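Written below as structure tokens is the structure these notes are about.
Indexing begins at 1, ligand by ligand and atom by atom, following the structure's order. Numbering starts at 1 and runs along the sequence shown. For clarity, every value in this text was computed on a predicted model and none was experimentally measured. Both backbone and side-chain heavy atoms feed into the values below; hydrogens, waters and symmetry mates do not.
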Amino acid sequence: MKNLGEMLLRHEPFSEIVLGNTALARAMIESGTEVVTSYPGSPTPEIASALLSIPGEKRPLYFQFSTNEKVAAEVACGASLNGHPSCVFFKSVGLNVAADSFVQLSLLELEGGLVAVLGDDPGANSSQNEQDNRHFARMAYMPVLEPSSPSEAYRYYLEAMALSRRKKMPVILRMTTHVCHGKEKVAFGAWKGGAVSTESRFDTSGGPMVPLTAAALEMKRRALARLSLAGCEMDSHAFCEVRKGTDSSRGVITAGLPFRSLLDVLEDSDRTPDILKLGVVYPLPEKSVEDFLRAHEQVKILEELDDVLEKDIKALAFDRGIRVAIVGKTDDDDRIGEYTPDKVAEVLAKTWPDVVPLRGAKRQPSLAPRPPQMCPGCGHRSAFHAIRQALAKEDITVADIGCHTLGFLPPYEMGEVLLSMGHSTGTGAGLSLFNGSRKVVSFIGDSTFFHAGLPGVVNAVFNNHNLTLIVMENGTTAMTGHQDHPGAGRNANGPSEAIPVRGVLEGLGVKSIREVDAYSQGKLIELVREAMAEEGFSVVIARHPCMLKYTREQQRNPDYVRKSVEVSQETCDRLHVCVESFGCPSFQRDEDGTVTVSPELCIGDGSCIQTCPVKAIGLRKENRGGEKA
Ligand SMILES: Cc1ncc(C[n+]2csc(CCOP(=O)(O)OP(=O)(O)O)c2C)c(N)n1
């Protein structure tokens, strides 16, 4: 695909091989979605990259990265109330942050419609848990469509937006990692083009919008009525597809990725059950499910993560007196991990061993697993290497979420507990209570600081907690692909006023603030020691730009010359601080203890030079005298 932005704006129908996330971006444009908001998190950021690949002046919708998922949901809600078809998207655990506002959305008259695209992450590929957001749908009275492929993601988004606009209710499109990142040839429709309307359609005459006691109940009644109507509308062939197998006594009810994996598993089987593939997973399409149950003697519910469909289907069978054997999860293992073909084969074999063909050994990944690690030149590495030297062995360290979570791994081993984005100040504060002998140090990244870190800081000031917070400031949201945050001086649409971390801390009443470039390791050690020696709440800002981002930007310059350090073999006395304590992956230790530098990995930042006790590391001769990164 030559130019993603141009492709997304094509007027005539076309087919293209695209990611599920790219298919969604086109669906947003085709459906006339006018406002899209998000907070970055895997598996969804490529939706934003696709939309942002369209130059701002040509982009037919407004997009923003909000400060967190709750604000993103609120901005999309406000835009929809004003008549603009809106979409908010974020990752699975983002819904926990958004929840307070999110659960209210169905109580409103969303004039323009609102689709919430949720990127669930079975297998916890890049999340702190595997949470199944179908549970939230029940609490929030929102229908959930669940595509199993990029083509379906495209089609279901269009359906979700149409339903949402018709009924003025929010609709969830539940994506999962492989559907977001899978590629498929998708047949797209036409797009007429068109400008965003500036007419304000905010109007409260359609019913109450402020849920004060009696109104809250009336609003709930309206939400429930809409949900059940939407459920009936979606109980159709468009979302409930039956595939005939060779064994008509048995059936499988499934949805999403498990459906695709099931097809893969059954490819070589000669005893294949019928399949009911659900595109709508909440509310349960009762008529389609009932018909399927009545037509079979045994039905297996094949669903990833929790037993959401299973519970609903068993209840339906009981209520309607259907005589059928329903088998869902057989053990806790069935609730864990992604339903890849291997996993589906394993799960299905526990119920129907004869249906699952004998598969050879599990497909092995072609690459050996490698632990994640910080990039060469990462300021977080310098910071951890230094801070480790400032801490006593018994001190307690609290991790937060971001690239700096990798400080948990050897050789730094810092950050001993982790809950969620922005938790570290609060959790650290709790750990500091009745704790006279062990100092507490919490870490937080700058995007996280703005996202959910501020209330913890306010609490630490308000309640005089005794801990040191280290803000690992690299100027970007590095872990999810370098999205701008409020401190970056840019937003998704261009330059914006940077909100300085230090200024915010001062404004929040923090009295003890120190800051230093994370590459100045000696100074950082000194500042952390000073901060920890104080009673009360102290903050150290360890700042260095994300070097992956910086290097990528530099490489766009045709005059860019890649630099590298080298190890003087005459001076090196094999203390191995560079490989064992500093741990930059550019250093390689041979079996005889010789250390060399891989020039393909090294970026010549020189942050390692100071770590060598015998000064054996230096810039390569040809790079000396040049500008330092
Ligand atoms: C509630 C929630 N939203 C989004 C994410 C995805 N996510 C993981 S780390 C991160 C931000 C990291 O940025 P920052 O705090 O600046 O640390 P850095 O990676 O730059 O070191 C995000 C958005 C998440 N884990 N949880």
**Prompt:** Can a salt bridge be assigned to the pair Asp306 and Arg335 using a cut-off of 4.0 Å between side-chain N and carboxylate O?
**Reply:** yes

**Main-chain N/O of Ala531 paired to Ser538 side chain as donor or acceptor, under 3.5 Å** = yes

**Numbering as shown, the atoms of ligand 1 that approach Gly41 to under 4.0 Å (heavy-atom distance)** = 6 (C)

**Item:** Residue and atom name of the nearest protein heavy atom (relative to atom 12 (C) of ligand 1), distance in Å to one decimal
**Value:** Gly402 CA, 3.7 Å

**Atoms of ligand 1, numbered as shown, that sit under 4.0 Å from any heavy atom of Gly445** = 14 (P), 15 (O), 16 (O), 17 (O)

**Message:** Measuring from atom 17 (O) of ligand 1, which candidate in His404, His451, Met479 has the nearest non-hydrogen atom?
**Reply:** His404

**Prompt:** Do you know which two heavy atoms are closest between Leu8 and Arg26, and how far apart they sit?
**Reply:** O-NH1, 2.9 Å

**Fill in**
Smallest heavy-atom separation, Gly487 atom then Ala498 atom, equals O-CB, 3.7 Å

**Request:** Might you point out which heavy atoms bring Thr67 and Pro486 nearest each other, and give the distance in Å?
**Result:** CG2-CG, 3.4 Å

**Message:** Between Phe63 and Phe65, is the ring pair (Phe, Tyr, Trp, His ring centres under 6.0 Å) condition met? List the steps.
**Reply:** CA-CA 7 Å; Phe63 174 79; Phe65 278 123; 5.0 Å; yes

**Fill in**
If you scan protein heavy atoms around atom 3 (N) of ligand 1, the nearest is Glu69 OE2, 2.5 Å

**Asked** So, the side chain of Ser31 versus the backbone of Ala27: is there a donor-acceptor pair under 3.5 Å, distance only?
**Response** yes

**Request:** State the atoms of ligand 1, each with its element, that fall below the 4.0 Å cut-off from a heavy-atom position in Cys403.
**Result:** 18 (P), 19 (O), 21 (O)

**Message:** For a quick test of reading the model, state the closest non-hydrogen atom pair linking Ser420 to Asp400 and the distance between them.
**Reply:** O-OD1, 3.5 Å

**Interfacing atoms of ligand 1 (cut-off 4.0 Å, heavy-atom, Ile401)** = 8 (C), 9 (S), 12 (C), 15 (O), 25 (N)

**Request:** For Asp446, counting its heavy atoms only, list the atoms of ligand 1 lying under 4.0 Å from any of them.
**Result:** 15 (O), 16 (O)

**Message:** Please state which option from His380, Lys549, Met421, His485 has its nearest heavy atom closest to atom 24 (C) of ligand 1.
**Reply:** Met421

**Asked** Would you call Glu473 a ligand 1 contact, heavy-atom distance under 4.0 Å?
**Response** no

**Message:** Counting only heavy atoms closer than 4.0 Å, does ligand 1 sit against the backbone of Thr448, its side chain, both, or neither?
**Reply:** both

**Item:** Val97: numbered ligand 1 atoms lying under 4.0 Å from its heavy atoms
**Value:** 1 (C)

**Identity and separation of the nearest protein heavy atom to atom 11 (C) of ligand 1** = Thr477 CG2, 3.5 Å

**Prompt:** So, does Asn466 use its side chain to make a donor-acceptor pair with the main chain of Gly536 at under 3.5 Å?
**Reply:** yes

**Asked** Which heavy-atom pair separates Gly337 from Leu305 by the least distance, and what is that distance?
**Response** O-CD2, 4.5 Å

**Message:** Suppose I only count heavy atoms of Thr476 and a 4.0 Å limit; which atoms of ligand 1 are within that range?
**Reply:** 16 (O), 20 (O)

**Request:** Starting from atom 7 (N) of ligand 1, locate the nearest protein heavy atom and write down its residue, its atom name and how far away it is, to 0.1 Å.
**Result:** Thr480 CG2, 3.7 Å

**Request:** Report yes if some N/O of Val93 lies less than 3.5 Å from some N/O of ligand 1; otherwise report no.
**Result:** no

**Request:** Could you tell me if any non-hydrogen atom of Gln483 lies under 4.0 Å from any atom of ligand 1?
**Result:** no

**Request:** Over 60° means perpendicular and under 30° means parallel, so classify the ring planes of Tyr39 and His451, tilted if in between.
**Result:** tilted

**Complete:** Quick note on ligand 1: atoms under 4.0 Å from a heavy atom of Lys91 include exactly 4 (C), 5 (C), 6 (C), 24 (C)

**Asked** Is any side-chain heavy atom of Val461 closer than 4.5 Å to a side-chain heavy atom of Phe537?
**Response** yes

**Asked** Is ligand 1 under 4.0 Å from a heavy atom in the side chain of Tyr39, in the backbone, in both, or in neither?
**Response** side chain

**Request:** Look only at interatomic distance and state if Ser42 has a nitrogen or oxygen under 3.5 Å from any nitrogen or oxygen of ligand 1.
**Result:** no

